[in-house]
Amino acid sequence: MKKSTGMVLMLVICFLLSACQYGSGLDQLQLQQYNVIGNTEEYQEDYDILDKGPVSGGTLNLFTTEPDTFNPVLTKNTYVSDFLNLIYEGLTSLDEKQQAIPKLSDSWTASADGLIWNFHIRDNVEWQDSQPFTASDVEFTVQLLMNAGLDSVYKPLVQSIATCVAVDSSNFKLVLIKPNSFLPEMMTFPILPKHQFNQSNALSSGKSFKPVGTGPYRFESYTEKKQVILKADKNWWYLGIDNNSKNSMYIDTVNVNVFNSTDDAMGALQTGDIDVMGIDSGDFSKYKGRTDLTIKKYTSREFEMLAFNLSNPVMSDKYARKAISLAIDRDKLISAVLPGDAQAAEIPVLPDSWISNLEGVSADPAVLNAFTTITNPVGITSGNINNSTESVNTASNVDAASTSTAVSMNNPTATVTNTAITAKTPKEALQLGGWKESKQGYYKVIRGVRRYLKVELLVNSNNSIRVHAAQLICSQLELAGIPAVCTQVEWSDLLARTSIAKFDMAFIGCRIPQIPDISYLYSSNYLPVSLPISYEKARNISGYFNMQLDAYINAIFKEDNADNKKILYKAALEQISNDTPYIGLYFTRNAMVYGKNMRGPLTPDTWDRYNDIIHWYKPQQQ
């Protein structure tokens, strides 16, 4: 499997289409042509390690490729970003459930309309050069990221901010372009010390720049092409507010060794010269049977899916799409292609996210009507707005069986109703949609023409895992009586054909954002997005549009109550399941490999590969 060698992709709230990224991933919302997959197993046989419990001191050996800069908002190197995250902190961070937890801000409030936010700055925090941390530092960082001349992976996180100001030393206020109740989850970017910069050198600082942060480790030295050394900051603010962790920051020194490539680093891991690194499935076989390693897997942000072309007359029929969806067995697919290395998912939101826990949540229509208002644009009913050569679907040309909702032309804010597809099998779905069966297969008259249900599934040929999965999917469709052929094409050809809507179905993937936003795939981006031209933005390839779903998405972004968000989210899922513009397959899994001498909570998660690093330690050697 190919992988980029240390080049980070774009970060937050943007969604791109691109090749796989290796490492923590500064990119978001990108279409992927390769999978980044991890494996998780544990091999531990501590034949020469005596663990008497946590021990202070010791050196943790990490790796990086050659740094491009030590400015955390400018680096494009994912490995550099990894160790700079030990020096710098954001106003918030994300926990394993994708929830914002206080960091340099200890509380926040929003106005009733969700447009004005105030973040209170934590008291008694100092920079590592002993200067006080204030709201002015936050204002400086946000305005820097908003600067049109800055190329930063963090830029998408501030795109929805209209203006901001440090009200005083303890309060940072900002005004949004539109309501965004997920703003705290987006305030994770590293805050820079204003006193260390002026506007010019902040945009151009390189490897001569000496990082000064507020985090658990401070920058000690850099030897070009050899090593970066970090030292534990014994005055770190967190140690002063958490009595339990006062004496539990164990690792004293972090050596970040510079390698030419990840392959060189993997060799160093196997010889014990590196203590921890990330791997993908292509490298897992190198560690199979090693009793001196611990391998921990976690769900990645890489989501795999099938996209329908809704401008295709056959694929525009939601009953045909539903039948295809019901014919695909995700569990069998994962067992055959990625056993233990993928997590089934229907939409691009992590199954372990807090918003995905819908136990006991009911999408009651009476409750939903209190949250949502549908405004009818230019007399469009529901269903599909085509981005290609087909005309926009209106009441006169949408197949009645494909129409999932209907908005009254006389009342543009009327309640929208939805007829759910209750079928349990592909055949039931097709029968409900008026499809008939013949020796030639299932057929239906659509737009005045008899059309047969058959599928060509496009897949990029340079992704062997995806090709295997596509072939199995076609086999499952054949078993359901739906003729299917898998066509392998170059990645560039796949992108070209999807851009002009010359396909039936396409096997694609995307890197999800750090908030549970689905607007980019099922609508248009709710939040503004600005990406470098070198990346292909993940977009609504299917050409799907549903006003009811748009209303749910808008309401989710405006709603600040978590329980109400779940109600809206469940309703959105039901709408998506009924319309089936895409078929979600799974999230792949990544892994971290730890050397035999690493102890503590080795618990990587989607949002932090080095989760709880301050509690790692190295036991006494025999």
Side-chain angles (χ1 to χ4, degrees), residues 8 10-14 24-28 70-75 78 80-108 110 117-128 132-146 150 152-161 164 166 170-174 176 180 182-194 196-197 202 211-219 233 236-238 241 301 513-515 527 605-614:
V8 151
M10 305 318 305
L11 189 89
V12 252
I13 295 286
C14 358
S24 64
L26 296 185
D27 49 318
Q28 291 199 56
F70 291 132
N71 185 325
V73 303
L74 294 182
T75 183
T78 188
V80 172
S81 179
D82 276 346
F83 71 76
L84 288 180
N85 284 339
L86 303 178
I87 301 174
Y88 292 92
E89 298 172 300
L91 291 184
T92 65
S93 63
L94 293 179
D95 66 12
E96 68 278 5
K97 298 297 183 184
Q98 206 175 3
Q99 294 172 303
I101 55 177
K103 207 76 169 186
L104 294 178
S105 172
D106 54 9
S107 63
W108 47 84
W117 288 73
N118 188 83
F119 287 83
H120 183 265
I121 303 305
R122 190 180 294 276
D123 295 332
N124 303 317
V125 176
E126 290 187 346
W127 293 101
Q128 290 161 351
F133 169 71
T134 71
S136 294
D137 298 307
V138 184
E139 178 190 58
F140 169 76
T141 303
V142 173
Q143 290 182 348
L144 177 67
L145 290 174
M146 293 173 65
L150 182 73
S152 174
V153 296
Y154 297 102
K155 199 177 191 70
L157 290 176
V158 301
Q159 293 279 261
S160 63
I161 299 175
C164 65
S170 298
N171 291 280
F172 172 68
K173 182 171 291 188
L174 55 82
L176 301 179
N180 177 15
F182 294 107
L183 183 67
E185 286 84 352
M186 298 171 64
M187 303 299 285
T188 58
F189 49 84
I191 304 300
L192 299 175
K194 179 180 180 180
Q196 193 184 15
F197 295 92
V212 175
T214 59
Y217 288 89
R218 62 172 65 237
F219 179 86
D233 186 354
W236 183 35
W237 62 268
Y238 182 75
I241 66 169
R301 291 165 60 184
Q514 66 184 55
I515 63 172
L527 297 174
D605 64 48
T606 307
W607 311 109
D608 187 359
R609 300 195 308 164
Y610 293 95
N611 180 42
D612 217 4
I613 191 174
I614 66 169

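Being a predicted model, the structure only gives us computed values, none of them experimental.
- Of the possible donor and acceptor atoms, none in the side chain of Tyr217 sits under 3.5 Å from a partner among the backbone N and O of Tyr88.
- Put simply, the side chain of Ile191 does not reach to within 4.5 Å of the side chain of Val142, judged on heavy atoms.
- In this structure, CG on Asp95 lies 11.0 Å from CG on Asp608, to the nearest 0.5 angstrom.
- The aromatic rings of Trp127 and Phe133 stand perpendicular to each other, their planes meeting at an angle above 60°, with 30° marking the opposite boundary.
- For Asp137 (side chain) and Pro193 (main-chain N/O), no donor-acceptor pair under 3.5 Å exists by modelled atom type.
- A distance-only check finds no donor-acceptor pair linking the side chain of Gln128 to the backbone of Val212 [under 3.5 Å].
- Across every non-hydrogen atom of Pro156 and Ser152, the tightest pair is CD-O, 4.1 Å.
- Rounding to the nearest 0.5 angstrom, the gap separating the CG atom in Leu94 from the CG atom in Asp605 is 9.0 Å.
- Taking 4.5 Å as the limit, some side-chain heavy atom of Leu527 sits within range of a side-chain heavy atom of Met186.
- The shortest heavy-atom contact between Asn71 and Leu84 is C-CD1, 4.2 Å.
- Put simply, the side chain of Leu104 reaches to within 4.5 Å of the side chain of Thr214, judged on heavy atoms.
- Residues Ser93 and Trp607 have side chains not in contact (no heavy-atom distance under 4.5 Å, counting atoms from C-beta outward).
- Atom CD of residue Glu139 and atom CG of residue Asn171 lie 12.5 Å apart, to the nearest 0.5 angstrom.
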- [ ] Could you please spell out the steps behind the side-chain contact (heavy atoms from CB on, under 4.5 Å) verdict for Leu176 and Ile161?
- [x] CA-CA 4 Å; Leu176 301 179; Ile161 299 175; 4.0 Å; yes
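- Between Leu192 and Phe197, the closest side-chain pair of non-hydrogen atoms falls below 4.5 Å.
- Looking at Ser81 and Tyr154, their side chains come closer than 4.5 Å, going by heavy atoms from C-beta outward.
- In this structure, Leu183 CG and Leu157 CG are separated by 9.5 Å, a value rounded to the nearest 0.5 Å.
- Considering only heavy atoms from C-beta on, Ile614 comes within 4.5 Å of Asp612 through its side chain.
- Between Thr92 and Pro184, the shortest heavy-atom distance links the atoms OG1-O, 2.7 Å.
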Open item on the list: Apply side-chain contact (heavy atoms from CB on, under 4.5 Å) to residues Phe189 and Leu145 and explain how you reach the verdict.
Closed with: CA-CA 10 Å; Phe189 49 84; Leu145 290 174; 3.7 Å; yes
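- Phe70 is listed as a side-chain neighbour of Phe83, based on a closest heavy-atom distance under 4.5 Å.
- Here the shortest heavy-atom pairing between Glu185 and Gln514 reads O-NE2, 2.7 Å.
- With hydrogens and angles ignored, the 3.5 Å screen pairs a side-chain donor or acceptor of Arg122 with a backbone N or O of Lys103.
- A side-chain donor from one of Trp237 and Glu89 sits under 3.5 Å from a side-chain acceptor of the other.
- The two atoms that bring Leu150 and Leu144 nearest to each other are CD2-O, 3.2 Å, heavy atoms only.
- When all heavy atoms of Asn180 and Trp117 are compared, the pair lying nearest together is O-CZ2, 3.4 Å.
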